[in-house]
Amino acid sequence: MTETPLIGEVSSGVASAALSGARIGVVTFPGTLDDRDAARAVRLAGATAVELWHGDNELADVDAVVIPGGFSYGDYLRAGAISRFAPLMSRIVDAANSDAKLPVLGICNGFQILTEAHLLPGSMIKNDHLKFLCRDQVLRVENNTTAWTNAYAAGQEITVPLKNQDGQYIADEKTLDALEAEGRVAFRYVGMNPNGSRRDIAGITNAAGNVVGLMPHPEHAIEVGYGPDHTGTDGLGFFTSVLNTLLGGK
Amino acid sequence: MSEISTGSTTEAAESAKKFNIDTVENAAKTPDVELPWAELGLKQNEFDDVVKVLGRRPTGAELAMYSVMWSEHCSYKSSKNHLRQFGSKVTEEMKKDMLVGIGENAGVTNLGDGWAVTFKIESHNSPSFVEPYQGAATGIGGIVRDIISMGARPVAVMDPLRFGAIDHPDTARVMHGAVAGIGGYGNSLGLPNIGGEMVFDAVYQGNPLVNALAVGVMRHEDIRLANASGKGNKVVLFGARTGGDGIGGASVLASESFDDTKPSKRPAVQVGDPFAEKVLIECCLELFKGSLVEGIQDLGAAGISCATSELASNGDGGMQVELTSVLLRDPTLTPGEILMSESQERMMAVVTPENIAAFEAVMEKWAVEYSWLGEVTDTGRLIITWEGEVIVDVDPRTVAHDGPVYDRPYARPQWQDALQADTFTGSVQDGGRPASAEDIKAAVLELIASPNMCSKDWITNQYDRYVGGNTALAFPDDAGVVRVDEETGLGVALATDANGRYTFLDPFHGAQLALAEAYRNVATSGAVPMAVSDCLNFGSPEDPDVMWQLAESIRGLSDACMELGIPVTGGNVSLYNQTGTTPIHPSPVVAVLGKLDDVARRTPSGWKEDGQAIYLLGTTADELDGSEWANLRGHLGGLPPKVVLSAERALGEILINASRDGMVDAAHDLSEGGLAAALVESSLRYNTGARIALDEVAARDGVDAFTLLFSESQARAIVAVPRSEEIRFTDMCTARNFPAARIGVVDAASGSLDLQGQFSVPLDELREAHEATLPKYFG
Amino acid sequence: MPRIVVDVMLKPEILDPQGKAIVGALPRLGFTEFSAVRQGKRFELTVDGEVTDEILAKAREAAETMLSNPVIEDVVNVEVVAD
Amino acid sequence: MPRIVVDVMLKPEILDPQGKAIVGALPRLGFTEFSAVRQGKRFELTVDGEVTDEILAKAREAAETMLSNPVIEDVVNVEVVAD
Ligand SMILES: Nc1ncnc2c1ncn2[C@@H]1O[C@H](COP(=O)(O)OP(=O)(O)O)[C@@H](O)[C@H]1O
Ligand SMILES: [Mg+2]
């Protein structure tokens, strides 16, 4: 019998004790939407997801942090503009910049928050076509040495959902040149540029490689049948990457 | 948070001085005061009834309450007598899984394993014409609050839409706004959009239909009802502040105010705040989790009037509320206006005194404003005070439930017979029916590029279908499927359908056809249909022709639900959809909810495995009246396709069994656009071609190739069957005596749809035709 | 080049969710001086050449018909700014 | 009550997608006078009482730190408007 297109088969095996010992925080702001999805991705990768609340003043001993997507504060004023001032964000910024180099992943609204918080350069403005766009998007992994991308091959193409209204990445030419020169463009859009982002940039990393932000949603491509039609689990590598990093693999 | 309450109380107290409060005492003493009941939409007999019920003239505030609660929208006065059939035509079997039936904010259906699901569809038609973005956005907001108020976590939305002619200059305005509004609001709530409809027809030019469906899930123990019980329990209003939204008519309550410098500016439309609603959802779920509320009610149409009177009359029957405690966005609002305001993103709840602190802690956490308005009593009266003075003293039942009910006259329109006699076959428009391969190919391309049959990507790409991580199927598949339980894979499927042309030709059968199609869509995905919600969009009930359409549709729909064994658990009636005296086509939008024990088994609508056999289930007759093809030729007349509910049921069982036992990898039902549309859609779904031979089935059914491709005969579907399953599958069909014809095979290498003996079209050409239409008109 | 500035605000009676979110956030950053915030739009229209009365009238018309949605917004200001 | 108006525009070197869409649509409605359009934000901050220099300074600070993102936007105007 040909394989029935079943969904719900989780491709990761049973988590090892070492993996599930890794505590990955998932931040919820008012208006965050993809927090439960990010927590599921963490779990399916084998780690323990820890809920973090924007108003908290400490990081609850997490080993890494995901700032998930959504419309925190409704995206009012500017996407990420109000969230950036949350008490927890100060802790995250400090920990990311500390010697411990806390791994931080910002997805979509999380990426916008990271740029507003100046952990990552540049900013996002409205998509060039001005509409919200939800599509399965092909990305090329340009830098596979960061805390969140080391499970991928350099140049690997992955498909993950993209869904946003303010996804056009912009920065001045000097910053863009520096990002390119330092290999800090982590992902580029392939096939089509869905929002007019400068130089097809979909995601970037900080110089140390512990802070990564991107507009598309890897946490929506972690289970067969609940993600993009043909591949479905290309996003899981983000979450296994950080486990490699935490367990000293890379 | 207390500082806010105090702040506003002072504000309210100050503004109170500006009002000439019409107290109950005053009303009793001044029976002859002129009241603007007509301006508020009441009829003489209705006003007389209010006076009779109260035994005196109403106060201004009471008049405000009765006028909104006795409006068509809130009281269903024209449709109530007919709607009863949804409750009466039900067997014990149908009641088995119904945990909450019609009458509550939304019905609740048992899914098993302790899970329950609630869903409902509603209209937001006229606001969406005036201001499409905000009208559609607040439509989503309103239906989602209905779902929350049942104790459920909302998990998905859908949006059946009907707009005017695609090339009319005003259509782009409505289309752009409504789609952006639905996306803007729904996407911000984190609710995947999993399906809907899109129909263009000039009859909707001045009355677009923007219907919205929401579905939510909960554990059985979390079901909440809108009732206020327990004397001494506190009544609280939380969420957004109350502004002058949607109170147009109420400003005529001049008797409430003696200050004519009072700014009478009231918003013409309501603006939604999706962020506030998202926070409200999380906040309510936290309240439910902690069992912190005894009863809860969303505030929709008729706002506080509705919430207080319904909570009170469904509970122990008494409530006492101090209206100056309501937090206001606009301090100039009069008591009547506050009672009528339809400001969005508000909820009312009943909380025991022991839970007050815990309730307040949840509000603080989410930074939601709230104010305590009063308490539940056992007096059987709803008493509303303004600075302690009684301005409302009513039996809440008389407001909420004992509104007027009309037996409006109705009669089969005089023109109905002539309309039905005017069949497409043989009409002028049917001249030169395509017969050659070349002409049929052109017809197929025309069909799939046509406004109603073209790809809806332009719309659906603006909707988040992934959020939540539980969407197993969404557009362009036949039904949306959402996983409910991550452990077991238990899930639900939903589809909405309506065909205004069919219903115009024959309201009784048209409504049944809407149900049949939604049922078929759900079964095609592999789910077992369980429950129905409907949104009845019609013209004016005061027109006997329209009233007949409404009566016939309800009769047809309720009969068909009985025959299919699935109950109506809730819905909505939207009347007066007409421009001048021209009503829209009667448009009963029917939503069917089904259940999948394991969503991993759901069936998508496209094939992708090379070599699988393609079967056509069901038979085809010459049924082109009311079809998309006739519509494209500019013809509307005759009788819609025949409904055979037993065949729908048999087909459904085959599709459900085949899905459960892994006998089909793809299934797509045949509906508007018939076999031609289905073949193209199933090929384009995963960009996988097929070779199809039509001659044998055409001969079997005694129709020509064109009719086989374009007729809209019901109870049909196409499926892709793995070779290894063919015998088992055909045996099943034979055993059930259901026609199944092998019409072709999936051909992955070809990259085209090949109708043998007719023509072959590359998939790229089909896609181009299918996908170019909406971008061409809407950018 | 001269520009015409057009300012558009939501009508006062209409809810402004953005302004509401901002006024809620300001105190957390230590800004307690502002009791209400409303967010509107500012358009800058560039004119090649001189801004005649006709052009200004055109700008007014564009402001009323296209740059604002008269159902929910008011044009609060149309003025010429020199560079 | 007096208000402080804060105007924020995208930096001139950043292409403004909304402005671009508007300038593209204007000629279709018969407005051919404008060669470029940019869309920015206008905030109105309400002050209860008098607008002192301190309060104005606070508004400037809020404009720079929160109401605008200096990476992409400029605060082009902060001024007091009486009603
Ligand atoms: N307004 C809309 N919003 C979301 N999905 C839509 C909308 N309009 C159409 N769709 C989706 O597009 C697909 C095709 O629609 P349609 O041809 O009406 O389906 P069907 O014939 O199976 O009822 C379906 O998956 C439907 O849910
Ligand atoms: Mg279908």
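A note on names: the letters A, B, ... follow the listed sequences, proteins ahead of strands, and every chain is numbered from 1.
Of residues 14-47 of chain C, those residues lying under 4.5 Å from chain B by any heavy-atom pair are C:I14, C:L15, C:P17, C:K20.
Under the side-chain contact (heavy atoms from CB on, under 4.5 Å) criterion, B:N207 pairs with B:N577, B:T579, B:I584, not counting sequence neighbours.
Minimum heavy-atom separation, B:R329 to C:E13: NH2-O, 3.0 Å.
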